[in-house]
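None of the values given here were measured: they were computed from a predicted structure. Side-chain atoms are counted along with the backbone in the values below, which use heavy atoms only and exclude waters and symmetry mates. Residue numbers begin at 1 in each chain, while the letters A, B, ... track the order of the sequences.
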Amino acid sequence: MSKSVLTGQHFVNGDVACAEGAIACGCRFFAGYPITPATEVAERMAERLPQVGGVYIQMEDELASMAAILGASWGGMKAMTSTSGPGFSLMMENIGLGIITETPCVVVNVQRAGPSTGLPTLCGQGDIMQARWGSHGHYEIIALSPGSPQEIFDITILAFNLSEKYRLPVIILTDEIVGHMSEKVVIPDEKEIEIVNRKTPEGSKENYMPYMTGDDLVAPMAKAGDGYRFHITGLTHDSRGYPVLTPEVQKEMVYKIVNKIRKNRKDIIYFEEIELEGADFAIITYGISVRVALKAVQMLKNDGIKCGILKLITIWPFAEEKIIEICERVKGILVVEINLGQIFLEVKRCVEGRVPVKFLGHAGGAVFKPVEIIRLIKELSEDGKN
Amino acid sequence: MSKSVLTGQHFVNGDVACAEGAIACGCRFFAGYPITPATEVAERMAERLPQVGGVYIQMEDELASMAAILGASWGGMKAMTSTSGPGFSLMMENIGLGIITETPCVVVNVQRAGPSTGLPTLCGQGDIMQARWGSHGHYEIIALSPGSPQEIFDITILAFNLSEKYRLPVIILTDEIVGHMSEKVVIPDEKEIEIVNRKTPEGSKENYMPYMTGDDLVAPMAKAGDGYRFHITGLTHDSRGYPVLTPEVQKEMVYKIVNKIRKNRKDIIYFEEIELEGADFAIITYGISVRVALKAVQMLKNDGIKCGILKLITIWPFAEEKIIEICERVKGILVVEINLGQIFLEVKRCVEGRVPVKFLGHAGGAVFKPVEIIRLIKELSEDGKN
Amino acid sequence: MEKIEISPLGNLLREDRIPHIWCSGCGIGLAFSACLRAINGSSIEQDRFIIISGIGCSGRAAGYTYLDSFHTTHGRAIPFATGIKIARPSSKVIVFSGDGDLVAIGGNHLINAARRNIEMVVICINNFNYGMTGGQEGPSTPFKSRTTTTPYGNFESPFNIPYLVESAGAIYIARWTALHVRRLFKSILEAINKKGFSFIEVISACPTSFGRKNKLGNPLEMLKFFHKISVIQNNIHTRKAHLDLSNEIVVGKFVDIERPDFFEQYKEIFGSFPGEEVD
Amino acid sequence: MEKIEISPLGNLLREDRIPHIWCSGCGIGLAFSACLRAINGSSIEQDRFIIISGIGCSGRAAGYTYLDSFHTTHGRAIPFATGIKIARPSSKVIVFSGDGDLVAIGGNHLINAARRNIEMVVICINNFNYGMTGGQEGPSTPFKSRTTTTPYGNFESPFNIPYLVESAGAIYIARWTALHVRRLFKSILEAINKKGFSFIEVISACPTSFGRKNKLGNPLEMLKFFHKISVIQNNIHTRKAHLDLSNEIVVGKFVDIERPDFFEQYKEIFGSFPGEEVD
Amino acid sequence: MKYWRIPLDIEDRVKKRYRILIIEDRCKGCNFCIEYCPRNVLKTALYFNVKGYHPPVCEDHEMCMGCGFCQIICPEFCIIVEEEDGKD
Amino acid sequence: MKYWRIPLDIEDRVKKRYRILIIEDRCKGCNFCIEYCPRNVLKTALYFNVKGYHPPVCEDHEMCMGCGFCQIICPEFCIIVEEEDGKD
Amino acid sequence: MINKYGEIVITGFGGQGIVLAGNILGKAASIYDNLYASLTQSYGPEARGGACSAQVVISSGPVLYPYAENPDILIAMSQEGYNKNVDKLKPGGTLIVDCDLVKHEVERRDFDFRAIPATKIAEDLGYKMMANIVIIGFFTSKSKLISKKSIQRAIETSVPAGTYEKNKTAFTSGFNYRDNSVPSSVRN
Amino acid sequence: MINKYGEIVITGFGGQGIVLAGNILGKAASIYDNLYASLTQSYGPEARGGACSAQVVISSGPVLYPYAENPDILIAMSQEGYNKNVDKLKPGGTLIVDCDLVKHEVERRDFDFRAIPATKIAEDLGYKMMANIVIIGFFTSKSKLISKKSIQRAIETSVPAGTYEKNKTAFTSGFNYRDNSVPSSVRN
Ligand SMILES: Cc1ncc(C[n+]2csc(CCOP(=O)(O)OP(=O)(O)O)c2C)c(N)n1
Ligand SMILES: Cc1ncc(C[n+]2csc(CCOP(=O)(O)OP(=O)(O)O)c2C)c(N)n1
Ligand code: SF4
Ligand code: SF4
Ligand code: SF4
Ligand code: SF4
Ligand code: SF4
Ligand code: SF4
Ligand SMILES: [Mg+2]
Ligand SMILES: [Mg+2]
């Protein structure tokens, strides 16, 4: 059997790095359906899983893939699927099932430019809000966004850890450029990889309740086939997992799945502050767009403008507190993303008019040029002077 | 053949009123898949369409229903489907196809409480953000929310009119209570119903381009089978409808489908101001929640508190200008909705801290009690005094 | 509610959830009871059974079964079950759901699971309509039958479901009416012991919707009617397994063959299947 | 690009979109060309034809056809076509798409349209994989074949697609390889004139993916190979229409029957079908 | 019309005495048990249960041959056939 | 191996002269036309077209019997067989 | 016109025709009595046998809040429905029960209590499904909120064409039923 | 270590192995030369025959912006790729073309122009698919950005196991190819 952690240096693309991250932290089930630009995740899994005692299955569509990873997760496996916009839309219903049944799993969306079939081979960041709101009903989600093959490796592990810890589907929102870009990926030693596994029940099997939680709002999860004889439903349910179709139980259940995220924001929200110390302006961005911002910040420095970057790693839940804090420090904010304003809306909401917020959007198919960022930061700077 | 406009008074539920509204304004194709609490829309259509020269077809699932109404629309029919949360999630991919191909049609979502199967027979307003963001990629949508059977009749006609005028799927976001509530519905005389039909091409058939627009950003739409020999694709396309997979054409196309809505906000955004004149507080709400607010406002009046209601009829695009304007007039805002904060986020974004905004949410399965609203408005009032 | 130890099939029933939601005289209860008896009747360790349902009246079965049990989304019981079965290859997976769930919205998964020949027993309650939502037309509704969405009579023709799943690759196929309680029991028991994809169609009365719309009388009359017009023809080719309410319902065990199943084929490629041994 | 009037089939080709995206020697071009020739060869007014595709290499066909043409979403060509056909009952609807589009993600629509027997000609390019995305396994990939997601050989078995659609209710079913250009042409022509749901499977070379992975040589060799192992067996029951690349590909016209179609059944219930006369 | 053959072990059975336990409030009055009892042991009660249905009553325990069919056929899991004095 | 029978009207045809028009830059070099021409009229060019493929060339127009098979079998729509001086 | 306002709750199992009963009352009031009426319903997933209730709010002006928080009239056709709702009944209101299905057990006596074996009556008439119409007939004889004529018209236009005569009989049986319960004096 | 920075664009059709070529260069630089390298690609929906390009940015420090806006080296294996990119070539840079597939027509002369009939050479070697390796060999002989040894190792670890010898031959043929073009002086 081949090694599951390929410790060493690799020149691979983001999709491959994603697959390696998953395997490195114990993912042993992948249900796939090909779609550009996420196919390489599936292909790598198809090649690697059989080497490490895992199973790759190609399902008949994305509805089935999503359902299958939920099933496998209840069978005790760490499970993943990958897709892009059209497939992500199709997965929405069963992502909702994962949310309400509190099933750990990871869904990778390598974003391309939409809407619809759009530009299948070109980049976009248009599914940000969809990741938050795409399934019906009210819930909270975790979504993470890497900006390089190395990050996608690391973040895939983080995604599994969060998903196991908080028992929910975690979404990796990457994009075509990161997915298809090859760079050096350093895979650490197996021992250095921190892995979180779901809590498993301890007491007697008969008394096991799949949704009976303590203060942490996350219940231990039994494995199907082990004799716990639990029941799981997509209906509103109580701590036994039994359907109880009343507003009271609905309230309890929905608040629980919402609060396990809302109350653990500190633990879940990752970001990186780049040259924000003493900066006059902040660029808020994520994924591939960070790379452009990095170059722009360098160029601005040459022009004597102090501009930093807030790189969002956790997209959802949204880093509200951080944004509010940054408002206190800077004179203006620029939001940069490859869509027509999604995180921009969130930033506006948090900033509440404290400082000017500008937006640099892109309809998709390409990444920005650094000069576009520079122009807008300079505008912010000029506006500030008047 | 039976009458298509059933002029007169009827004691019917919202679902039935919706179907009658559709038929009254010329909808002649309905592809359905049953789901509580939207089934009665389909059932009424199944009964009525054959009476008025239309066709009801039950498809194998919601994916198919959505695809079928797009096809029928290109065949020249006004077409509709209805569903609730789970089916709405499944329709998302093909709603995206409707957006990018600019296909008029109406999708009715009679909301129940989610996530997932949730409370199938009980109310919710949890799909508000999903209606805006549920399909991948960036786009704009129109969504309308009625608060009574009469309104659902009227708004269904409005939905068809907007969808024909702006060539896109329009969503009716109603809820289980409105859908299942029976009240008197007055259907006007056929002549009194204002009907907008899609623009049809005029020039030569050979030169017809399905996306060649003037300043209004909406192109005339030909009917398949009439010899125009046009091509339609879900890929990024130019004005001929041909796929052109470049960032430049993507930009042009996406901005067009976004701007045809953004630039016509005035024409699209409907709302109702109730006792807002001189009010100290505003309740912002929609759908069934309006009915509760109405009672609360009456009761508050008895207590000497001047509180009005901004009833959103058009949910998307969002009535930003109106919200901003109301901020200038009132001392505080309360947002009331049967979810854990969706329109609330939008209101916060628009208010930008100008006045305090409170939120009354509900996880679903029931409607508020007027006293809950009263308590929060009084809190707002107290807070203002300190 | 306290557990009444004495209840029939109490060992497999979530007593605290009984009474179930099924209407008076609904055929689902009969089929469900046969299913539980078959589980009891098999010599397989009960903890290995996992029951998975979709959404619908029939889909509520999982929720009443005192086993690991999953009530998934509409149409997705089979792919969910596929995930579980692969993760726990030694489990015995039973999918219990309705015609709408399995053959309308779930049709694609049904045929693909049959193609894969992945071991599971699919029990499909065919009551000719969507009971849960009040009785609409579906791909199992007979031509001309009335439902709430075919108020003038259905203008579509139904699938011959056994034929469909045979063409897709199922290795065990039977059809019984809900009143064939003993034969149904036996079929389920046989299917549980098959290596591969088994499919059992249960012709069932939905007196509340289909029965009422089509004037088939009270539950008892309806049940008797289905039973009366049924003709047992074991081993007949599924193509000829007609189902015509104005004539006859061909019932029987139609298919019972061997063909390498998913796991066997997997092992042919890889030598072994990860995880537990498949028995 | 200016229109080159002289091009073969130029009357039905969007010349300004040629060259098409298909790889050198891909079988799709052959099938597409046969389809256009059949349209030309039919005596039906060309403006009545509407061509609808899903997503995939094969799905690009709609975009090259100078007719009303729709390139829809992956898997949804058939329900989209159903909507159009009902709105324009006198149109001649051709669905041209791939095995993945029609039988993987679109499988449910395929069988339900066959069940409805709604008039349309479905041309399914079976190249044993998902060409567009680089050659992955699908429900048409032979056991043990290599694809990018079955690098050790496919451990699943494929559908017999003609059998599947026959069991679902199709009234005209044929299978040819892409090199059977004349017979394929004839089948399409026949199907165009059928009242009901017709299905034509075209065994096609995807030299770039399936061919390369399975060492089937260059496009020409691959095409010849499929042709060579094919055995014409008209009217054979689809169940026996084997497709085994290590043995033989049974080709032929398998089904050509009459059965009331969707519109006829509709008329039986309602007396007439709204809109134009169905011819 | 009766569909159910007489059990082969009928002779053994008739010698024994059986008790029919009915969880009345679960009953939905479908009458299956009444209809299919080969010995017509069960009759419809005149009273309503909590759900408004008339449950079956066992009029004559002596008649029962313990075939268990009423138990099998009851879709509501409300009938248990017990051998009198026997262990279940 | 050749799969294509000789056309029935071959005698008429051979009397006529045909022109093979090749839209060279469309060609993707699959060689189908070359392989399946019953008269071996077509050969592979030595040069590349803009796409880097070697298109077919018609070496001997006289040989062509106008069967049109090269036109039918070309998946790129780049061959037209015209009767010389004739209308298409 | 006098200023009218009244809240009615009808409660029972799915399958008893609770919603239809509510519909008849709502229709009678809004279409034939020219009042405003709002009918809301609540029901579970069960097609038959589950808890089910219909709330009808009747008013001379538009109904704002469509819920009957404190019904003037409670019609209970199941024990569960009775248990859930009896405490909400307005003092001075009217409670009507199917006395075979509901045991009237609460302490409260501040309302008019009326009992009728509606299901039994319907069964005896040979159409068990019309217990709802029987009880509506009974209700009509006990309340002045909606006119008898309008209720009769509403029944006529609401039930399946062929069944009107039977429904009429059921209505009349209920209307003419003499119960023994004496209006209890409002004590509270 | 000297401070290195270089941008390479390789452009051609899908099917010519453009991305593999980019991958070999990126891998050589980042894994074997211990630099940083970033490979991005752009391609259309066509599996074969569509426009395709690979951009490799090589640097001694982490690559921030992964796009080659002004390549130091442009390798063009199609006319379309040449047309699209030639204007972006950095003055003083190097242009390498497959001279059978690309006509070098622009006015600019401010770069080093190199031509090789790579496809022809590969065809003559009997493996047409290796034109990309031929041209990489040629590139290796013309540029010092990445070491020959590293490129050879990258080829070895990137191509299918059985094909290494053939690829080596292709590489050598390219490496040893003597073109007639003389470095044009930087004028601009
Ligand atoms: C995606 C989705 N669409 C529709 C529904 C509504 N729905 C619930 S059950 C059901 C049909 C059930 O029919 P069947 O499977 O035949 O079960 P039965 O109730 O007849 O036993 C439908 C359409 C749903 N829950 N989810
Ligand atoms: C919902 C969705 N999932 C996946 C894809 C990606 N995708 C595009 S084409 C295709 C498969 C095409 O295969 P097939 O229909 O066999 O056509 P071929 O390319 O082989 O001709 C897939 C999976 C998509 N576009 N949409
Ligand atoms: S509605 Fe029909 S299928 Fe559902 S429980 Fe009642 S009788 Fe059975
Ligand atoms: S990838 Fe395969 S199916 Fe697609 S065009 Fe190329 S050869 Fe044809
Ligand atoms: S055990 Fe048999 S004989 Fe006795 S009551 Fe039941 S069905 Fe009748
Ligand atoms: S079979 Fe069961 S539910 Fe039916 S009448 Fe008898 S006891 Fe009651
Ligand atoms: S027309 Fe026939 S003979 Fe002439 S070149 Fe073409 S294939 Fe050959
Ligand atoms: S058949 Fe067409 S594409 Fe193929 S070689 Fe001949 S001309 Fe070129
Ligand atoms: Mg059913
Ligand atoms: Mg294919």
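Counting only heavy atoms from C-beta outward, the side chains of D:Ile125 and D:Phe96 approach each other to under 4.5 Å.
Between chain D and the residues B:Ile69, B:Ile57, B:Ile100, the most heavy-atom pairs under 4.5 angstrom are made by B:Ile57. Here D:Ile50 is the residue among D:Ile111, D:Ile50, D:Thr65 with the most heavy-atom pairs under 4.5 Å with chain B. Of the residues considered (B:Phe230, B:Phe29, B:Trp74, B:Tyr228), B:Phe230 shows the highest number of contacts with chain D, using heavy-atom pairs under 4.5 Å.
Heavy-atom distances place the side chain of D:Tyr266, and not its backbone, under 4.5 Å from chain B. For D:Glu45, no part lies under 4.5 angstrom from a heavy atom of chain B. If you measure heavy-atom distances from D:Leu67 to chain B, the contacts under 4.5 Å come from both the backbone and the side chain. Interface remark: B:Pro210 contributes no atoms to any contact with chain D (heavy atom separation under 4.5 Å). Interface residue D:Leu12: only side-chain heavy atoms are found under 4.5 Å from chain B. Both the backbone and the side chain of B:Leu70 come within less than 4.5 Å of a heavy atom in chain D. With a threshold of 4.5 angstrom between heavy atoms, D:Phe270 approaches chain B through side-chain atoms but not through N, CA, C or O. Only the side chain of D:Thr82 comes within contact range of chain B, judged by heavy atoms closer than 4.5 Å. B:Lys223 touches chain D through backbone and side chain together, each having a heavy atom under 4.5 Å away. Both the backbone and the side chain of B:Ala64 come within less than 4.5 Å of a heavy atom in chain D.
Using cut-offs of 30° and 60° on the angle between ring planes, the pair D:Phe199 and D:Phe197 is parallel. Under the 30°/60° scheme for interplanar angles, the aromatic rings of D:His71 and B:His231 are found to lie parallel.
Using a 4.0 Å cut-off between charged nitrogen and carboxylate oxygen, B:Glu60 and D:Arg116 count as a salt-bridge pair. Here D:Asp47 pairs with B:Arg229 in a salt bridge; the nearest charged N to carboxylate O distance falls below 4.0 Å.
To the nearest 0.5 Å, atoms SG (B:Cys105) and CG (B:Leu168) are separated by 8.0 Å.
Cation-pi geometry between B:Arg240 and B:Tyr211 is not met at under 6.0 angstrom from the ring centre and within 45 degrees of the axis.
With a 6.0 Å radius and a threshold of 12 heavy atoms from other residues, nucleotides or ligands, B:Lys199 has its NZ atom above the threshold.
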- Task: Show your reasoning for whether salt bridge (charged side-chain N to carboxylate O under 4.0 Å, His left out) applies to B:Lys260 and B:Glu102.
- Result: CA-CA 11 Å; B:Lys260 75 180 177 187; B:Glu102 305 192 45; 2.8 Å; yes
